[in-house]
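The structure appears below as structure tokens.
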2 protein chains.
Amino acid sequence: MGRKQTKSGKIRLTEVAKLAGVSPITASRFFRNPEALSLSKRERVDSAVKELGYVPNLAARALASHRTEVIGVVIPSLTNNVFADVLRGVYDSSEGSRYSIQLANTRYSILQEEKLLRLFRAQKPAGLIVTGINQTTESRAILESMNCPVTQIMEIGESPVDMMVGFSHYDAGFAAISHILEQGCRRIGFLGARMDPRVQRRFEGYRDAMKAASLFDPNLIVTTSVPTTVTLGGTLFADLLAQAPDIDAVFCVNDDLALGVLFECQRRQMSVPGDLAIVGFNDLEFMASAVPSLTSVRTNRYEMGRHAVTMLIDAIEGRRPREPVLNLGFQLMVRESSTPQST
Amino acid sequence: MGRKQTKSGKIRLTEVAKLAGVSPITASRFFRNPEALSLSKRERVDSAVKELGYVPNLAARALASHRTEVIGVVIPSLTNNVFADVLRGVYDSSEGSRYSIQLANTRYSILQEEKLLRLFRAQKPAGLIVTGINQTTESRAILESMNCPVTQIMEIGESPVDMMVGFSHYDAGFAAISHILEQGCRRIGFLGARMDPRVQRRFEGYRDAMKAASLFDPNLIVTTSVPTTVTLGGTLFADLLAQAPDIDAVFCVNDDLALGVLFECQRRQMSVPGDLAIVGFNDLEFMASAVPSLTSVRTNRYEMGRHAVTMLIDAIEGRRPREPVLNLGFQLMVRESSTPQST
DNA sequence: ACAATTATTGACAGCGCTACCATCGGATTG
DNA sequence: CAATCCGATGGTAGCGCTGTCAATAATTGT
């Protein structure tokens with residue numbers, strides 16, 4: 001015969017059905033569509049399941065039904081707090097649904113992303129959430145061959161693979177700089193770390209706002225590809241000061257850098273915002289709490305996660321949104337660090 | 001007949017085998033154990049796979065082989081930075097192996113944990129990593145019925161389900177307090193948020209160290225079950241000051257709280273460490289960068305993640321470690337915030 | 001040169017579940 | 001009262017892959 005006998009202890013759906021006195025297919029329906037069963041059978045199956053301690057075999061289910069109830073989520077980093085909030089939204093809105101979340105981490109590697117997408121494809125997820133809009137041609141091809149709804153999150157742009165939820169990093173960067181300019185600052189430095197595509201677009205917002213005010217100067221810019229840390233904020237700021245000692249404001253591409261700048265100012269006895277205005281990005285929780293409180297651009301990360309999942313589930317279940325691209329915008333949270341007059 | 005014809009475009013292993021001129025089972029072996037094939041067949045299968053764009057069906061594989069190559073990781077939070085580091089270790093050491101990581105988030109809910117473990121069980125993972133040692137009886141039963149290696153991480157204790165990697169939170173808390181006592185502080189406050197089991201044990205370390213010095217006083221303690229934030233650190237500290245105005249040090253169960261306390265001191269013009277010594281826990285990156293730099297207890301989170309996976313894979317592949325419990329210890333990172341004399 | 005061993009390969013059956021259709025009793029209708 | 005419909009249930013036939021073991025080819029030793 002084929003293979004060794006099924007372990008005696010193993011409970012299959014057949015056993016459950018037998019005990020409940022129904023056919024296997026009825027027992028199967030108990031899990032997928034209990035309303036379709038008569039109350040009496042439903043109860044009989046239910047107690048049989050409990051009595052035998054039946055655990056459905058997901059692989060068999062997936063094989064027979066050609067689908068799974070997994071939503072894949074591909075993000076570039078777990079260390080970056082930004083994604084923690086997105087994921088909270090994702091988990092919150094998947095809870096209560098039949099779908100379970102499977103998380104994958106590219107660590108900002110294009111190759112890793114392709115590999116993960118390939119892995120997901122082999123698993124036939126019900127839907128997929130991916131970060132950003134700068135997938136490689138190869139990744140995009142995989143996504144398009146995937147035969148399931150896909151939501152791109154964190155930013156919006158032209159030609160979505162399928163759906164998108166995000167905001168314009170360019171606009172957000174531009175708005176931040178406009179605000180600083182309004183405060184009367186003229187020499188606004190730019191501090192950037194891990195220049196991923198979204199950070200790059202924030203930079204473009206900075207650049208264009210500065211150019212529009214005829215204040216653009218390459219000396220005001222310090223960037224690195226190194227991952228962001230608070231300490232790095234201090235280091236980069238020191239570099240910036242060395243190359244442009246006359247700066248009166250700094251725009252940091254994220255809040256960790258901004259906090260690092262604040263600490264460095266404290267170390268150098270520079271007053272914030274008196275000597276220097278600081279504006280961060282993301283509006284992490286600590287920004288409001290710092291002394292002085294730090295201005296930042298709030299991005300609706302939690303909502304992004306929520307909407308991404310909601311839209312995805314709707315699409316999976318055939319209720320496609322009429323508008324595939326959802327712009328969640330941003331809010332400039334103006335605080336002490338960028339309002340010199342209030343000091 | 002059974003069901004509608006397989007979609008014409010669908011490539012199965014059989015098709016690959018046919019094109020390569022081998023039997024399906026040989027093609028199958030190409031994926032699982034390529035060394036077993038002769039070089040010529042290996043090349044033939046390889047090019048057939050590429051030509052047809054074959055994507056293996058993981059569900060079928062899992063069903064036929066009774067296993068998967070998934071390592072499940074169950075953690076209580078993604079918002080908490082602590083786990084980001086653990087996960088970095090997990091991902092780093094799973095990379096290059098055949099196993100892929102599946103992450104699940106209990107959000108500190110016991111029920112959610114049980115639900116997730118049940119889900120994992122139905123998926124027959126190759127191995128499982130779970131956080132902490134305080135599983136419910138039910139969760140523990142699921143883990144034990146799981147028929148795969150299990151590693152508990154973040155802390156160590158008696159009677160592991162299988163393996164453990166972590167450190168003693170009690171000892172760490174005790175050591176932190178001992179250090180503060182050595183600095184001459186006597187009225188050491190305790191600030192705690194989200195009192196999960198590990199935080200609870202840090203508290204016990206605090207309590208016993210204080211009792212040993214005959215300095216224990218319930219008025220020195222402020223805790224809440226609310227999740228941790230920097231802002232909360234400030235709030236709790238204000239409460240603490242109200243109830244014990246004469247404190248000369250604070251031990252915070254995590255670094256976010258400690259940062260919040262520092263900001264609150266700045267707001268109140270209290271000098272750190274002159275008026276108040278501050279010690280945090282976890283040694284997140286920003287602690288070294290704060291002004292003054294903040295003392296903390298460094299926990300080897302990255303290494304915890306790495307070892308958890310390494311041990312797990314070894315166990316999966318039959319190379320069980322001789323010692324199932326690995327204590328990674330901790331280091332007290334003494335900085336300005338707790339060394340008054342150096343100010 | 002021949003048996004003994006080892007490396008490759010293949011045939012077969014079936015993993016546990018569900019899609020598809022058929023069935024069947026009973027309620028509804030004209 | 002037959003015709004119609006509908007909700008509940010079941011039978012059959014795989015889904016795509018791999019475990020088992022047997023068969024064959026290649027290699028080695030004596």
Side-chain angles (χ1 to χ4, degrees), chain A residues 1-18 20-45 48-49 52-69 98 121-124 126 147, chain B residues 1-18 20-45 49 52-69 98 121-124 147:
Chain A
M1 77 215 61
R3 67 189 57 188
K4 80 157 177 285
Q5 206 58 20
T6 300
K7 282 199 291 294
S8 56
K10 204 68 202 168
I11 312 297
R12 301 196 304 294
L13 195 52
T14 319
E15 275 77 59
V16 173
K18 203 166 292 169
V22 299
S23 73
I25 191 69
T26 300
S28 167
R29 275 194 273 263
F30 169 77
F31 290 100
R32 293 173 295 142
N33 189 15
E35 295 77 33
L37 299 199
S38 67
L39 204 59
S40 69
K41 306 237 165 182
R42 204 185 308 177
E43 279 164 359
R44 293 231 299 282
V45 176
V49 165
L52 296 173
Y54 169 71
V55 176
N57 182 320
L58 261 34
R61 184 179 287 178
L63 179 59
S65 69
H66 297 281
R67 53 189 155 66
T68 62
E69 289 176 346
R98 60 196 312 150
R121 181 172 56 180
Q123 279 179 79
K124 303 188 193 309
N147 211 14
Chain B
M1 79 213 58
R3 66 189 60 191
K4 77 158 181 283
Q5 206 56 20
T6 300
K7 282 197 293 291
S8 56
K10 205 68 203 168
I11 312 298
R12 301 196 305 295
L13 195 52
T14 319
E15 273 79 58
V16 173
K18 204 167 293 170
V22 300
S23 72
I25 191 69
T26 300
S28 166
R29 274 193 274 262
F30 168 77
F31 290 101
R32 294 173 295 143
N33 189 15
E35 295 77 35
L37 299 200
S38 65
L39 204 59
S40 69
K41 306 237 166 188
R42 206 185 307 177
E43 280 164 0
R44 293 230 300 282
V45 176
V49 165
L52 296 173
Y54 170 71
V55 176
N57 182 320
L58 261 35
R61 183 179 289 178
L63 179 58
S65 68
H66 297 281
R67 52 188 159 65
T68 62
E69 288 176 348
R98 61 195 311 149
R121 181 173 55 180
Q123 281 179 76
K124 303 187 194 307
N147 211 14

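Lettering follows sequence order; numbering is per chain, from 1.
Atom OG1 of A:Thr26 sits about 6.5 Å away from atom CG of A:Leu37, to the nearest 0.5 Å. Put simply, CG on A:Leu58 and CD on A:Glu69 are 8.5 Å apart, with the number rounded to the nearest 0.5 Å. Rounding to the nearest 0.5 Å gives a distance of 11.0 Å between CG of A:Asn147 and CZ of A:Arg121.
Contact check, A:Arg32 against C:dA19: a side-chain N or O comes under 4.0 Å of OP1 or OP2. Here A:Thr26 reaches the OP1 or OP2 of D:dG10: one of its side-chain N or O atoms lies under 4.0 Å away. For B:Ser23, a side-chain nitrogen or oxygen approaches OP1 or OP2 of C:dG10 to under 4.0 Å. The side chain of A:Ser28 places no N or O atom within less than 4.0 Å of a non-bridging phosphate oxygen (OP1 or OP2) of C:dC17.
Rounded to an integer number of Å, the gap from B:Leu13 CG to C:dC15 P is 20 Å. To the nearest angstrom, C1' of D:dC17 lies 8 Å from CG of B:Asn57. Whole-Å rounding puts the A:Arg29 CZ to D:dG7 P distance at 13 Å. Rounding to whole angstrom units, CD of residue A:Glu35 and P of D:dG7 are separated by 14 Å. Between the CG atom of A:Asn33 and the C1' atom of D:dA8 there is a distance of 11 Å, rounded to whole Å. Taking atom CZ of A:Arg61 as the reference point, atom P of D:dG16 lies 19 Å away to the nearest angstrom. Rounded to an integer number of Å, the gap from A:Leu39 CG to D:dG7 P is 17 Å. In this structure, CD1 of A:Ile25 is placed 18 Å from P of C:dC24, rounded to the nearest angstrom.
Within the 6.0 Å centre-distance limit, the rings of A:Tyr54 and A:Phe31 are counted as a close aromatic pair.
The side chain of A:Leu63 approaches D:dC15 more closely than any other nucleotide in the set D:dT18, C:dA19, D:dC15. Of the listed nucleotides (C:dG10, C:dA19, C:dC17), C:dG10 has the atom at the smallest distance from the side chain of B:Lys41. Across D:dG16, C:dT8, D:dG11, the shortest atom-to-atom separation from the side chain of B:Ser38 is found for C:dT8. Closest to the A:Ala64 side chain, of the nucleotides D:dC17, D:dG16, C:dG16, is C:dG16.
Residue contacts for A:Arg42: at a heavy-atom cut-off of 4.0 Å it reaches no nucleic acid atom on any strand shown. Contact annotation for A:Ala36: backbone-only contact, meaning every heavy-atom pair under 4.0 Å involves sugar-phosphate atoms and none involves a base.
Nearest-nucleotide mapping onto DNA chain C: of B:Leu37 and B:Ala60, the residue sitting toward the 5' end is B:Leu37.
Closest non-hydrogen pair, A:Glu15 versus A:Arg12, comes out as OE1-N, 2.7 Å.
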